[in-house]
Number of protein chains: 2
Amino acid sequence: MIRGNMHVTGEAPDPGQGNCRKISPVLARLGDKWSVLIVMQLGNGPRRFNEIRRMVDGISQRMLTLTLRGLERDGMVTRTVYPTIPPRVDYELTPLGRSLREPVQALGTWAMANLDKIEMAQREFDSRKA
Amino acid sequence: MIRGNMHVTGEAPDPGQGNCRKISPVLARLGDKWSVLIVMQLGNGPRRFNEIRRMVDGISQRMLTLTLRGLERDGMVTRTVYPTIPPRVDYELTPLGRSLREPVQALGTWAMANLDKIEMAQREFDSRKA
DNA sequence: CCGCATCCAGAATGATACTG
DNA sequence: CAGTATCATTCTGGATGCGG
């Protein structure tokens with residue numbers, strides 16, 4: 001999305017603007033409501049559809065299906081169908097999906113460490129408007 | 001608006017998933033269409049409204065305003081108004097906003113390193129459906 | 001059990017015009 | 001220059017019912 005220069009002081013290993021624009025879709029996927037939560041849950045091993053559904057509280061069947069499809073399309077998750085009765089479908093992280101956990105957890109760590117600051121800033125901001 | 005659709009309901013502080021769920025709003029912010037790009041642009045120092053607008057190609061005036069307000073509310077950026085004529089408003093990262101750049105860049109690095117894998121997986125997935 | 005299809009309400013975003 | 005206001009459009013996510 002960025003056509004201008006993306007000079008980030010110092011350590012940024014920026015190979016070019018083209019790549020910067022390309023990472024937007026990736027961030028969009030990670031930023032959606034459920035993807036990261038699902039990836040994190042799958043970090044412990046393969047899970048069935050309804051197992052994931054129970055682990056990720058509040059997700060609807062529809063969104064679980066859609067999100068898993070998206071992750072599968074991106075090569076983050078494999079989908080294995082066992083044609084048994086009743087049917088069974090396992091979802092498991094690919095190596096790519098597993099490699100994602102590290103930077104995501106770094107972000108999670110940051111979020112946990114700074115959550116109170118953020119919430120405090122929000123409260124202060126909101127009260128300033130009153 | 002930008003500030004999420006999360007935690008509207010008073011959810012029980014669940015010990016197991018509680019931690020994971022708390023970071024969702026943070027990830028939701030990073031995943032929105034513009035926040036990360038703006039934070040990255042501000043990494044080089046304070047910028048004026050229209051400077052940012054030019055650097056982030058494709059953003060509308062409206063979304064730039066909204067996103068900057070959200071970042072300000074979260075304590076990521078400061079907004080400084082100079083009551084000159086014509087008016088001038090500078091946006092600058094706070095220490096909190098600057099500290100966010102590190103984990104975000106880790107994610108960006110991961111994204112760039114794996115972009116080809118993702119795109120290949122997408123093409124393969126799409127062709128399998130045809 | 002898995003999950004697709006459909007419908008629908010509301011949110012997010014964009015385009016455009018206007019203001020101090 | 002830096003917004004605000006309004007309208008139109010697109011997108012998201014939940015609910016429900018059906019089908020393998």
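To find a chain, count down the sequence lines: A is the first, B the second, and so on, and within it residues start at 1.
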Side chain of A/Arg79 - closest among D/dT4, D/dA2, C/dC2: C/dC2
Short side-chain N/O contact from B/Arg47 to OP1 or OP2 of D/dA2, under 4.0 Å: no
Please tabulate, for side-chain N and O atoms in residues 75-83 of chain B, each donor-acceptor pair with protein atoms closer than 3.5 Å (sequence neighbours left out).
{"from": "B/Thr78", "atom 1": "OG1", "to": "B/Glu92", "atom 2": "O", "distance (Å)": "3.3"}
{"from": "B/Arg79", "atom 1": "NE", "to": "B/Tyr91", "atom 2": "OH", "distance (Å)": "3.2"}

Least distance between heavy atoms, A/Ser99 atom then B/Trp110 atom: OG-NE1, 3.0 Å
Side-chain N or O of A/Tyr91 closer than 4.0 Å to phosphate OP1/OP2 of C/dG3: yes
Salt bridge (charged side-chain N to carboxylate O under 4.0 Å, His left out): pairs with one or both residues in residues 121-130 of chain A, sequence neighbours excluded: A/Glu124-A/Arg128, A/Asp126-B/Arg73
Rounded distance in Å - CG (A/Leu68) to P (D/dG13): 14 Å
Residue whose closest nucleotide on DNA chain C lies nearer the 5' end, A/Pro86 versus A/Leu66: A/Pro86
All pairs passing salt bridge (charged side-chain N to carboxylate O under 4.0 Å, His left out) where residues 103-112 of chain B contributes a residue, at least two apart: none
Nearest non-hydrogen partners of A/Arg69 and B/Phe125, listed with the distance: O-CZ, 4.4 Å
A/Phe49 CZ - C/dG3 C1' separation (whole Å): 6 Å
Under the side-chain hydrogen bond (donor to acceptor under 3.5 Å, both in side chains) test, residues paired with A/Arg48 that sit two or more places apart: none
Sequence-aligned protein contact record of nucleotides 14-20 of chain D, with B where the base is within under 4.0 Å of a protein heavy atom and S where only the sugar-phosphate is: BB----B
d(CG, B/Leu64; P, C/dT16) in whole Å: 18 Å
Heavy-atom closest pair, residues A/Asp74 and A/Leu96: O-CD2, 3.6 Å
Angle between terminal axes - the helix from C/dC1-D/dG20 to C/dG20-D/dC1, 5 pairs each end, rounded to 10°: 40°
Between P of D/dA2 and CG of B/Asp90, the distance in whole Å: 8 Å
For atom CZ of B/Arg54 and atom C1' of D/dA2, their distance in whole Å: 12 Å
Distance, rounded to the nearest Å, where A/Asp32 contributes CG and C/dA11 contributes C1': 15 Å
Nearest-angstrom distance from the residue atom CD1 of B/Ile38 to P of C/dT13: 11 Å
Atom of A/Met40, atom of A/Arg101 and distance for their closest heavy-atom approach: CE-O, 3.7 Å
Touch class at under 4.0 angstrom, heavy-atom based, for A/Arg53 against every strand present: nothing
Sugar-phosphate only, base, or nothing, as touched by A/Tyr82 at under 4.0 Å among non-hydrogen atoms: nothing
Shortest non-hydrogen contact between B/Pro103 and A/Leu107, atoms and distance: CB-CD1, 3.4 Å
